[in-house]
Amino acid sequence: MEIKDLLKKDLMIMDLKANTKMEAIDEMIARLKEKNIVSDADVFKDLILKREERSSTGLGEGIAMPHAKTSVVNSPSVLFARSNKGVDYDALDGEPVHIFFMIAASEGAHDLHIETLAKLSKMLLNDDFTKGLLTCGSPDEVYALVDKYSEKPQETPKEEVKETQITNKKRILAVTACPTGIAHTYMAEAALKEAGEKLGVDVKVETNGADGIKNNLTTNDINDAVGIIVAADKKVETARFNDRKVIVTSTADAIKNAEALIKKVLNNEAPVFKAEASDNTEEDSQANDSIGRIIYKSIMSGVSNMLPFVIGGGILLVLSFIVERFMGQNELFKLLYGIGGGAFHFLIPVLAGFIAMSIADKPGFMPGAVAGYMASQGAGFLGGLIGGFIAGYSVIFLKKMTKNMSKQFDGMKSMVIYPIFSLLITGVLMYFIIGPVFTKINVIVANWLNNMGTANAVLLGAILGGMMSVDMGGPINKAAYAFSIGVFTDTNNGAFMAAVMAGGMVPPLAIALAMTLFKDRFDEKEQQSKISNFILGLSFITEGAIPFAAKEPLKVISSCVIGAAIAGGLTQFWGVSAPAPHGGIFVIPAMPSVHSAIFFVVSIAIGAIISGVIFGVIRGKKNN
């Protein structure tokens with residue numbers, strides 16, 4: 001991927017009108033919103049400002065790189081903007097900023113995007129490149145300049161080989177990391193390497209970027225180094241540097257003062273690092289979050305890691321039911337059912353394990369997974385969720401209790417103390433409290449569902465169906481889905497699974513129907529997505545409607561929520577039950593009865609038609 005694939009011409013602002021930092025941020029975000037790069041300008045701005053609170057992205061020398069990585073970014077992009085008069089951006093050198101690169105990275109940005117952004121970050125350290133940006137008269141000239149300087153290899157495998165072959169130079173190690181792992185991580189890397197070359201020092205840099213950890217520092221590297229520079233704005237692994245000479249600083253400092261940092265190491269001015277100082281890093285980062293935020297992040301971590309098991313296992317279970325219906329319980333049925341059912345056995349252990357890991361890092365995973373397994377014996381989904389938190393915080397408790405132990409027991413902590421005692425604490429609580437309590441709760445829930453009146457079932461089905469369309473794959477959508485999976489796994493009742501599946505299928509189907517019924521209200525480019533939205537909708541992939549929701553959130557979301565809620569409610573009115581937690585229209589052959597199959601389709605059709613007609617009517621004529 002080339003840099004210009006992300007650096008889009010129609011995003012460029014050749015003469016920024018802003019006079020202040022906030023005005024500059026607003027003007028650039030407005031352009032991203034206008035071009036449908038971000039779906040929610042407020043969320044994106046909030047993340048941009050939170051990044052600025054950590055340290056200004058005004059890097060000095062007239063350059064600023066505000067950036068954020070979030071799911072509200074529809075397509076990874078870089079906005080170039082230039083202020084001819086300059087903006088007071090709280091830059092590190094106190095000088096006005098003239099050149100801006102605002103980076104909008106998507107939550108799932110892949111390695112190729114990150115590598116491209118890394119190259120751009122390093123190019124900004126080239127004075128000729130930045131001076132050229134000040135004189136470009138058009139987006140085409142900006143492109144030409146980028147092409148000119150991006151053709152130069154930034155870092156090749158030969159360079160690494162050459163670096164490892166040098167034996168007559170002193171070696172300094174470095175670790176760079178910033179919160180989003182995009183810009184500052186790689187600019188700090190480039191600045192330190194460049195400064196090392198000037199000073200005749202061999203510098204190896206480990207980057208903790210959005211594409212993972214690259215150029216890892218080995219034990220031999222650490223033993224041979226004269227010193228280490230940790231330029232990080234987020235948690236990195238530092239225990240490995242115990243008793244070594246280490247300078248801990250920010251990425252911004254490394255970018256601006258790389259030579260000074262290296263000289264400080266060479267002059268033997270780096271302090272000796274003690275691993276104990278890093279013990280609280282994780283807990284400090286947790287302390288910065290509210291309790292609600294910690295709970296939310298932990299649950300989302302568990303649910304996100306559980307979903308592949310739900311989808312993979314669910315689809316195979318559907319296929320096994322189809323085979324059973326038409327061919328009986330043959331070997332193919334047994335194979336598919338065994339694999340799909342096997343995946344389902346991991347749902348609660350994976351949920352609990354990753355909740356615990358989100359709280360206590362790797363030591364939390366094992367007791368969390370065991371808590372999930374114990375919960376799967378009766379306490380169910382909610383029991384596993386609670387078990388994950390118990391496991392995570394039992395490890396946090398043990399870390400605090402052993403904080404002042406002699407250093408000779410450091411290895412014993414992770415290999416013996418944490419796994420044995422966290423498992424014991426978690427297991428005892430699960431066995432005597434969580435298991436019995438939530439097993440009874442599940443019995444009560446099962447009885448309540450069996451005795452629930454039609455009116456209450458319809459209301460709850462409508463709520464769940466509507467929630468699936470509020471943010472189309474976001475936390476509200478996942479909350480409804482997780483609730484239904486919990487009921488499904490704990491009680492084998494697929495009624496609410498049918499409601500959320502119908503609700504999640506409505507938005508893309510509604511968009512496709514609106515384009516079919518109101519052709520004159522959609523341009524040619526939009527019409528190209530009609531078939532794909534039909535397919536995505538039938539497959540229970542709600543995200544197909546996101547591009548339209550990003551462009552017209554109020555019209556799309558309001559119309560889709562109405563239809564999705566109606567579809568979810570109708571599934572309960574007609575007593576529809578889903579045999580698996582995923583599959584969309586493909587679960588129909590596996591439905592427990594012809595009645596369920598017919599009215600599942602009818603519920604979805606009614607909801608999609610209502611939403612499609614509402615959206616088509618309120619959208620009005622297409623914009624030319």
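Positions are given from 1 along the sequence. Since the model is a prediction, treat every value here as computed from it, not as a measurement.
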Using modelled atom types only, decide if a donor and an acceptor are shared between the side chain of [X] and the backbone of [Y] within a distance under 3.5 Å.
{"X": "D221", "Y": "L217", "result": "no"}
{"X": "S539", "Y": "I541", "result": "no"}
{"X": "E189", "Y": "T207", "result": "no"}
{"X": "S559", "Y": "K555", "result": "yes"}
{"X": "H98", "Y": "S83", "result": "yes"}
{"X": "K530", "Y": "A514", "result": "no"}
{"X": "N215", "Y": "V205", "result": "yes"}
{"X": "S469", "Y": "G466", "result": "no"}
{"X": "S77", "Y": "S75", "result": "yes"}

Are any of the side-chain heavy atoms of [X] and [Y] separated by less than 4.5 Å?
{"X": "M123", "Y": "F101", "result": "no"}
{"X": "M22", "Y": "L49", "result": "yes"}
{"X": "I63", "Y": "V97", "result": "no"}
{"X": "V310", "Y": "M306", "result": "yes"}
{"X": "H582", "Y": "Y481", "result": "yes"}

Shortest non-hydrogen contact from [X] toward [Y]:
{"X": "A549", "Y": "I557", "answer": "CB-CG1, 4.4 Å"}
{"X": "A24", "Y": "V87", "answer": "CB-CG1, 4.4 Å"}
{"X": "T542", "Y": "G504", "answer": "OG1-O, 2.8 Å"}
{"X": "M12", "Y": "R31", "answer": "O-NH1, 3.0 Å"}
{"X": "T251", "Y": "A231", "answer": "CG2-O, 3.3 Å"}
{"X": "A608", "Y": "L509", "answer": "CB-CB, 3.9 Å"}

message: Do K9 and Y143 form a cation-pi contact, if we require the NZ or CZ to be under 6.0 Å from the six-membered ring centre and within 45 degrees of the ring's axis?
response: yes
Pair N208, E206: side-chain N/O donor-acceptor within cut-off below 3.5 Å: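 Yes, because at least one side-chain N or O of N208 sits under 3.5 Å from a partner of the opposite role on E206.
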Any Lys/Arg nitrogen of [X] or [Y] sitting under 4.0 Å from an Asp/Glu carboxylate oxygen of the other?
{"X": "R619", "Y": "E526", "value": "yes"}
{"X": "E27", "Y": "K17", "value": "no"}
{"X": "R82", "Y": "D15", "value": "no"}

How far does [atom1] of [X] sit from [atom2] of [Y], to the nearest 0.5 angstrom?
{"X": "D128", "Y": "L133", "atom1": "CG", "atom2": "CG", "result": "11.0 Å"}
{"X": "F615", "Y": "F548", "atom1": "CZ", "atom2": "CZ", "result": "7.0 Å"}
{"X": "Q527", "Y": "N533", "atom1": "CD", "atom2": "CG", "result": "11.0 Å"}

- prompt: Got more than 12 heavy atoms from elsewhere within 6.0 Å of NZ, K85?
  reply: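 Count over threshold, so yes.
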- request: Step through the shown structure and confirm whether more than 12 heavy atoms of other residues, nucleotides or ligands are within 6.0 Å of NZ on K362.
  value: no
- prompt: Going through the checks in order, is the salt bridge (charged side-chain N to carboxylate O under 4.0 Å, His left out) test met by D127 and K131?
  reply: CA-CA 6 Å; D127 289 340; K131 287 176 182 176; 5.5 Å; no
message: Under the criterion salt bridge (charged side-chain N to carboxylate O under 4.0 Å, His left out), I'd like the reasoning laid out for D88 against K21: C-alpha separation, chi angles, the key distance, then a yes or no.
response: CA-CA 6 Å; D88 182 1; K21 178 175 183 175; over 6 Å; no
message: Run the ring-ring contact (aromatic ring centres under 6.0 Å, His included) test against F129 and tell me which residues pass, sequence neighbours left out.
response: Y149
Plane angle bin for Y89 and F100 - parallel if under 30°, tilted between 30 and 60°, otherwise perpendicular: perpendicular
